[in-house]
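One structure is given below, encoded as structure tokens.
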Amino acid sequence: MSFGTGIWSNFSKRSTSLTVSSNKIKQGLLNAGLPFGPATLRKRSSRIKYSPPIGLSTVYPLAYEILELESTQIHKILSRQANELSMEQKEELLVRAEYHNPEVVFKSHFQTNSLDRTQPVYRRYLREKWENHDKMLLMQRLESLHAIPDTLSTLDPRCDVVLRFPHNNVHTTVEPGQLLSSNVTKKPPSLEVVEFDPIPDDLYTVLIVNPDTPDLENDTFSTTLHWALRNVPLSSSDISIDALKLQECPERELVSYLPPVPDKNAPVNRLVVWVFRQNQKELTDSGVTREFFDIRGFVAQHSLTAVGAHIWRSGWDRNVPNVRDMYGLPKGRVFHRVRR
């Protein structure tokens, strides 16, 4: 058989994001026998030594032909029954049509940062990757650090929330539960909210709360609202929440960002990021207060649906006084152990 003549090479009705841009990598994916080895091997000596498994040059073209034929049949069903199928059925058929495409499989595993999230098959691969690790890690950190139920009672995560801080112009991804210095968190973070289901241009609310603010009068802890965003539009093609988006529409910032500045000798603070999908069109200003923030009451009042979360920790360090001066905050308290 010959590659490049079937549905997986026809982009008249398929997106060009379903193919690999590199000709060398594409050649390696579509040819079982490579005399000079695959392009993914960087060293020339490794490519020369490479030898494909026995029988691959025979089996691979046959398997490709069978899978491509199945994809062709699915696309015919989509074209004939386009008006009869529901959105969920169309999504599932589009996933089945491209799930075993070698170029799609390669991009889903090795080029995840450049995936076209408007394509159902890429969202399916991203969901599987997220559910196999990142989702479990997030829930483990939220529950072991008691962010659930100290902030909200529970969470059924439906999207991946990626958190980054612009520290020294290096946007590194923050792992849930990571302990960060005050120098890293002195500026507002950027968020990526990756939805795995097809969504219209929905509006989202983002809250960053700290349930570990000492309340000495009541001998307990209170919740402080460190950042609140409202009416933020997100879609499969627009997943970021950053300074640029907020500059374009400043009224989306309900409460300005306040970096964590823990008191000396106080317990490590938990900063919990909650992402909500708004059930009502616009969320209006309802006199939100930063101190003694009631997150459960706020969520109930505005009928918000929690779809994602993140968490990091902050403790006192020698740079905290500098951050306080940067934001015009008073000097922090110093707690001492009281002997009984």
Side-chain angles (χ1 to χ4, degrees), residues 112-118 134 138 159-195 199 201-210 224-262 269-278 281-286 288-290 293 295 298 302 304 306-314 317 319-320 322-329:
T112 55
N113 292 331
S114 59
L115 293 181
D116 180 8
R117 293 180 176 86
T118 62
D134 292 350
L138 171 66
C159 63
D160 185 17
V161 179
V162 181
L163 180 72
R164 294 184 176 89
F165 281 96
H167 172 54
N168 293 338
N169 295 325
V170 178
H171 292 258
T172 56
T173 302
V174 178
E175 181 179 291
Q178 188 173 347
L179 183 64
L180 302 178
S181 70
S182 60
N183 190 43
V184 173
T185 60
K186 63 185 178 183
K187 295 182 180 180
S190 62
L191 299 171
E192 289 184 359
V193 180
V194 183
E195 287 271 13
I199 58 171
D201 294 334
D202 284 345
L203 297 179
Y204 291 76
T205 294
V206 178
L207 302 177
I208 299 182
V209 296
N210 176 9
T224 300
L225 178 62
H226 282 258
W227 205 22
L229 305 177
R230 60 176 176 177
N231 305 328
V232 181
L234 295 173
S235 63
S236 298
S237 58
D238 182 13
I239 63 173
S240 63
I241 303 175
D242 52 19
L244 180 61
K245 179 174 288 189
L246 297 179
Q247 288 175 359
E248 295 173 352
C249 192
E251 59 270 17
R252 290 172 181 161
E253 192 172 51
L254 182 61
V255 176
S256 61
Y257 178 72
L258 178 70
V261 283
N269 290 180
R270 298 164 295 169
L271 281 299
V272 189
V273 183
W274 285 99
V275 178
F276 303 92
R277 186 181 295 124
Q278 298 177 195
K281 291 298 182 182
E282 294 283 342
L283 192 150
T284 58
D285 191 354
S286 57
V288 177
T289 58
R290 189 186 296 275
F293 178 67
I295 183 173
F298 182 86
H302 297 285
L304 301 176
V307 294
H310 205 287
I311 185 173
W312 84 87
R313 295 176 296 154
S314 291
D317 56 49
N319 190 58
V320 167
N322 298 330
V323 178
R324 285 183 174 271
D325 293 339
M326 182 186 304
Y327 283 82
L329 301 175

ask   = Taking it one step at a time, do Trp274 and Val161 satisfy side chain to side chain contact (heavy atoms under 4.5 Å, CB included)?
value = CA-CA 9 Å; Trp274 285 99; Val161 179; over 6 Å; no

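- Each ring pair (Phe, Tyr, Trp, His ring centres under 6.0 Å) pair with one or both residues in residues 230-251, not counting sequence neighbours, would appear here, but there are none.
- Leu207 and Ile295 get closest at one heavy-atom pair: CD1-CG1, 4.1 Å.
- Side-chain contact check for Asn183 versus Phe165: every heavy-atom pair is 4.5 Å or farther apart.
- Under the 4.5 Å side-chain criterion, counting only non-hydrogen atoms from C-beta, Leu329 is in contact with Leu258.
- Of all heavy-atom pairs spanning Pro262 and Val320, the tightest one is O-CG1, 3.9 Å.
- Trp312 pairs with exactly one of Val184, Asn269, Ile208 by the side chain to side chain contact (heavy atoms under 4.5 Å, CB included) rule, that one being Ile208.
- Separating the NZ atom in Lys187 from the CE atom in Met326 is a distance of 7.5 Å, to the nearest 0.5 Å.
- The only option from Gln278, Arg252, Arg230, Glu195 that meets the side chain to side chain donor-acceptor pair (under 3.5 Å) definition with Tyr204 turns out to be Glu195.
- Expressed to the nearest 0.5 Å, how far CG of Leu246 lies from CD of Glu253 amounts to 6.0 Å.
- Partners of Phe298 according to the ring-ring contact (aromatic ring centres under 6.0 Å, His included) rule, which considers only residues two or more places apart in sequence or in another chain, are Phe293, His302.
- In this structure, Ile311 CD1 and Arg313 CZ are separated by 8.0 Å, a value rounded to the nearest 0.5 Å.
- The shortest heavy-atom contact between Pro166 and Pro188 is CD-O, 3.4 Å.
- Between the Tyr327 side chain and the Lys186 main chain, a donor and an acceptor come within less than 3.5 Å of each other.
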Let me check something: any side-chain donor-acceptor pairs from residues 237-245 under 3.5 Å, sequence neighbours excluded? List them with distances.
from	atom 1	to	atom 2	distance (Å)
Ser237	OG	Ser235	OG	3.4
Asp238	OD1	Lys245	NZ	3.2
Asp238	OD2	Lys245	NZ	3.0
Asp242	OD1	Leu244	N	3.4
Asp242	OD1	Lys245	N	3.1
Lys245	NZ	Pro233	O	3.3
Lys245	NZ	Ser240	O	2.7

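- One distance of note links CG of Leu271 with CG of Leu180; it measures 8.5 Å at 0.5 Å rounding.
- Here the straight-line distance linking atom OG of Ser314 with atom CD of Gln178 works out to 10.5 Å at 0.5 Å rounding.
- The CG atom of Leu138 sits 11.0 Å away from the CD atom of Glu175 when rounded to the nearest 0.5 Å.
- In terms of modelled atom types and a separation under 3.5 Å, the side chain of Asn231 and the main chain of Leu283 share a donor-acceptor contact.
- Residues Val261 and Arg324 approach most closely at O-NH2, 2.9 Å, considering heavy atoms.
- Using a 4.5 Å heavy-atom cutoff, the side chains of Leu163 and Leu191 are in contact.
- The heavy-atom pair separating Val174 from His310 by the smallest distance is O-NE2, 3.0 Å.
- Residues Val323 and Ser182 share a closest heavy-atom pair of CG2-O, 3.8 Å.
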